[in-house]
Amino acid sequence: MLSVLLVSVPWLAFAVLVAVVIVGPVCASALSVAIEAVQALVPAIGRACDTGDWVTNTIGAVLGGVVAALALVWHRSATRLEPVPVE
């Protein structure tokens, strides 16, 4: 059902790509910052805050977003409906 909508409504496909490439990594980065802040502020859990973790998590989220966007574009081009020739 979603693939039919993405093929038939181009702006919806663009909105999904924006969500995957921009919103997803931004949310993932914010979550990583929150986790590192908890590790810094609650010493009882026995974890240390490391900004390197935040950087690598953010890079991973961006790469994951790019791979997901490429997969969506590939899927959209593979399932594009071809016009039926009128005879």
Side-chain angles (χ1 to χ4, degrees):
M1 177 71 175
L2 180 62
S3 62
V4 172
L5 283 175
L6 292 178
V7 169
S8 60
V9 184
W11 62 265
L12 182 62
F14 179 73
V16 169
L17 287 178
V18 167
V20 166
V21 175
I22 296 173
V23 176
V26 167
C27 291
S29 180
L31 178 62
S32 185
V33 166
I35 291 170
E36 294 302 321
V38 168
Q39 289 177 354
L41 298 173
V42 183
I45 60 175
R47 304 283 302 187
C49 175
D50 185 11
T51 55
D53 290 343
W54 170 72
V55 170
T56 55
N57 290 343
T58 302
I59 290 171
V62 169
L63 290 176
V66 168
V67 168
L70 290 174
L72 286 172
V73 168
W74 175 80
H75 177 72
R76 183 167 187 240
S77 66
T79 58
R80 187 171 301 239
L81 299 175
E82 296 295 326
V84 177
V86 177
E87 294 180 20

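Note on residues 40-49: no pairs pass side chain to side chain donor-acceptor pair (under 3.5 Å), not counting sequence neighbours.
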Please table the atom pairs, donor to acceptor, closer than 3.5 Å between any side-chain atom in residues 53-73 and protein atoms at least two apart or in another chain.
residue : atom : partner : partner atom : Å
W54     : NE1  : S29     : O            : 3.4
W54     : NE1  : S29     : OG           : 3.0
W54     : NE1  : T58     : OG1          : 3.4
T56     : OG1  : G52     : O            : 3.0
T56     : OG1  : D53     : O            : 3.0
N57     : ND2  : S32     : OG           : 3.0
N57     : ND2  : D53     : O            : 3.2
T58     : OG1  : S29     : OG           : 3.2
T58     : OG1  : W54     : O            : 2.9

With a cut-off of 3.5 Å and sequence neighbours excluded, list every side-chain donor-acceptor pair involving residues 36-43.
residue : atom : partner : partner atom : Å
E36     : OE1  : D50     : N            : 2.9

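Members clustered with L31: I35, by chain and number, using a 4.5 Å side-chain heavy-atom cutoff among hydrophobic residues.
Considering only residues two or more places apart in sequence or on other chains, V23 meets the side chain to side chain contact (heavy atoms under 4.5 Å, CB included) condition with C27.
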